[in-house]
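Comments concern the structure below.
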2 protein chains.
Amino acid sequence: MERSAVRVTVDIVIFSIREDALQVLLIRRKYDPFRGRWAIPGGFVLDRESLEQAALRELREETGVEDVYLEQLYSFGDPDRDPRGRVITVAYFALISSAQALRPGTDAEEAQWFPFSKLPPLAFDHRKILEYALVRLRNKLEYTTVGFQLLPEKFSLSDLQRVYEVILDKKLDKRNFRRKMDLLGILRPLREWRRQGVSRPARLYRFSAHRFERLRDKGILFPF
Amino acid sequence: MERSAVRVTVDIVIFSIREDALQVLLIRRKYDPFRGRWAIPGGFVLDRESLEQAALRELREETGVEDVYLEQLYSFGDPDRDPRGRVITVAYFALISSAQALRPGTDAEEAQWFPFSKLPPLAFDHRKILEYALVRLRNKLEYTTVGFQLLPEKFSLSDLQRVYEVILDKKLDKRNFRRKMDLLGILRPLREWRRQGVSRPARLYRFSAHRFERLRDKGILFPF
DNA sequence: ACAAAAGTGTTCGATATACACCCATGT
DNA sequence: ACATGGGTGTATATCGAACACTTTTGT
């Protein structure tokens with residue numbers, strides 16, 4: 001068998017809802033190739049770590065956050081995707097709660113949130129990766145509970161609906177949305193309300209993980 | 001940045017319906033590690049080929065078939081998954097029509113179909129890969145048209161139903177199944193019938209690709 | 001009183017499920 | 001005539017989509 005002179009990276013599409021928009025975290029490249037361009041955070045897989053560990057490490061280095069939803073997206077391996085040589089990347093996507101503050105630019109890299117609808121020119125094939133990540137996120141939103149990963153622990157139903165609306169990029173009907181969430185049976189209402197400026201206070205809810213497990217057991221979700 | 005001393009393979013889970021069962025093609029390893037064990041066909045990615053090209057090449061080498069449904073499954077990169085060192089594999093799955101004959105054991109490798117329900121002990125983490133492939137195949141079956149890829153060009157509705165039944169491992173109602181297929185609007189009835197032994201001849205159908213494209217455009221499918 | 005967001009039910013069409021008998025053919 | 005698989009319709013339950021007004025609060 002032939003040896004393959006290949007290097008492997010992980011790249012992580014980091015989504016968050018900020019300022020009522022779906023945003024992704026990008027870093028500005030300091031070196032060639034694509035110096036000055038924006039890129040998805042990532043880096044080489046180290047010798048003794050799994051792909052997921054590598055993704056978590058990069059995520060920690062880039063943002064300082066630890067507890068996030070992380071899912072493998074797809075592997076991209078066009079021979080010409082990196083001008084430096086043969087580099088295959090395993091792309092992940094991560095969801096960060098809008099409450100989580102990032103430790104800014106830890107390894108002296110310029111990092112910045114961009115609304116998905118206003119992406120700058122990107123390095124490598126990162127535009128393609130981002131677009132596929134959005135497709136997956138939208139699909140997952142419809143048949144799983146990933147949406148909750150983008151919210152803080154306590155949230156109102158309007159918060160939740162806004163998450164769905166900005167990701168799917170369409171208005172949803174409030175009554176239908178609430179009924180659906182209610183039927184899912186994974187929301188625990190709290191005895192807490194939150195005043196949002198000048199109007200009626202909104203009841204807060206918590207995502208009920210253990211009811212969610214039953215859904216998982218019914219095979220609605222995925223094994224990794 | 002650190003170099004990663006990694007090699008990359010593609011492995012292909014090859015599904016087919018044979019003898020009214022879902023089967024996978026395995027090859028017997030001739031060399032260590034895991035000499036004598038059965039394994040999913042695969043091999044190293046070459047310098048100038050994409051991941052998909054590598055998968056297609058392995059598929060051709062292993063089976064002689066060219067026109068198949070091929071989809072990337074998942075990348076597996078546990079540091080200890082291969083005793084020879086760091087090998088990351090990008091797993092694909094392929095669907096082969098039951099009509100397609102394989103060029104047998106071309107590169108002097110012993111290849112054999114195994115019913116999914118009677119898998120032998122497998123090399124590496126290939127058992128895990130196979131199990132995930134089945135989960136994906138089942139999911140895809142429900143919201144896409146991959147099922148047709150397992151049939152020859154002309155098929156009866158009973159043939160089609162059998163595909164669904166053996167993959168999902170449950171009996172389906174004939175009338176409901178036919179109505180659903182009819183509503184999908186992707187079957188073209190032919191003026192041809194086939195006698196199956198001693199009973200009434202079954203009408204044959206053809207999968208209508210161009211109607212299918214409309215479904216694809218509606219975003220029901222995936223980009224790769 | 002009014003502005004702003006929270007909250008709440010009903011109707012309708014589409015889709016999924018359950019269920020049983022007749023038909024065409026070869027032996 | 002019978003054994004074998006092919007073919008067909010109806011009734012019910014469930015789910016998603018459309019749609020408008022009242023409530024609570026701060027100013």
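Owing to the predicted nature of the structure, the values given are computational and were not obtained by experimental measurement. All values below were derived from every heavy atom in this structure, side-chain atoms included, with hydrogens, water molecules and symmetry-related copies excluded. Order of the sequence lines sets the chain letters (A, B, ...), proteins ahead of strands, with each chain counted from 1.
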Carboxylate-amine/guanidinium proximity below 4.0 Å for B/Lys128 and B/Asp125
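Result for this pair is no, no salt bridge flagged.
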Determine, for A/Glu165 against A/Lys170, whether the closest basic-nitrogen to carboxylate-oxygen distance falls under 4.0 angstrom.
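Judged by the 4.0 Å cut-off on N to carboxylate O distance, A/Glu165 and A/Lys170 do not form a salt bridge.
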So, for A/Tyr74 and A/Tyr132, is the gap between ring centers shorter than 6.0 Å?
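That pair passes the under 6.0 Å test.
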Rounding to a whole Å, what distance do you find between [X]:[atom1] and [N]:[atom2]?
{"X": "A/Trp193", "N": "D/dT24", "atom1": "CH2", "atom2": "C1'", "value": "12 Å"}
{"X": "B/Lys174", "N": "C/dC21", "atom1": "NZ", "atom2": "P", "value": "14 Å"}
{"X": "B/Met181", "N": "C/dT15", "atom1": "CE", "atom2": "C1'", "value": "14 Å"}
{"X": "A/Leu157", "N": "D/dT24", "atom1": "CG", "atom2": "C1'", "value": "16 Å"}
{"X": "A/Gln161", "N": "C/dG7", "atom1": "CD", "atom2": "P", "value": "11 Å"}
{"X": "B/Leu183", "N": "C/dT15", "atom1": "CG", "atom2": "P", "value": "7 Å"}
{"X": "A/Asn176", "N": "D/dT14", "atom1": "CG", "atom2": "P", "value": "18 Å"}
{"X": "A/Asp159", "N": "C/dA5", "atom1": "CG", "atom2": "C1'", "value": "12 Å"}

Given DNA chain C, 5'-ward residue of the pair A/Arg175 and B/Pro201, judged by closest heavy atom
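Final value for this comparison: A/Arg175.
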Hey, does the side chain of B/Ser199 come within less than 4.0 Å of C/dA24's phosphate (OP1/OP2), counting only N and O?
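Answer no for this pair, as no side-chain N or O of B/Ser199 is under 4.0 Å from OP1 or OP2.
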Please determine if a side-chain N or O atom of B/Arg203 lies less than 4.0 Å away from the OP1 or OP2 oxygen of D/dG7.
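Indeed not, no polar side-chain atom of B/Arg203 lies that close.
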Test ring-ring contact (aromatic ring centres under 6.0 Å, His included) on B/Tyr205 and B/Phe155; report intermediate values, then the result.
CA-CA 5 Å; B/Tyr205 293 79; B/Phe155 51 85; 7.0 Å; no
Hey, what's the ring geometry for A/Tyr69 with A/Phe93, parallel, tilted or perpendicular (30° and 60° as the breaks)?
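Aromatic pair A/Tyr69/A/Phe93 classed tilted.
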Any donor-acceptor pair, under 3.5 Å, between the side chain of B/Arg195 and the base of C/dT25, if you only look at N and O atoms?
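Flag unset: no donor-acceptor pair detected.
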Test for a donor-acceptor pair under 3.5 Å between the base of D/dT22 and the side chain of A/Arg200, counting only N and O atoms.
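No.
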Position toward the 5' end of DNA chain D (nearest nucleotide), A/Lys180 or B/Tyr205
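This one resolves to B/Tyr205.
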Taking only the side-chain heavy atoms of B/Val198 (C-beta and beyond), determine which of D/dG9, C/dG26, C/dG9 contains the nearest atom.
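Side chain of B/Val198 sits closest to C/dG26.
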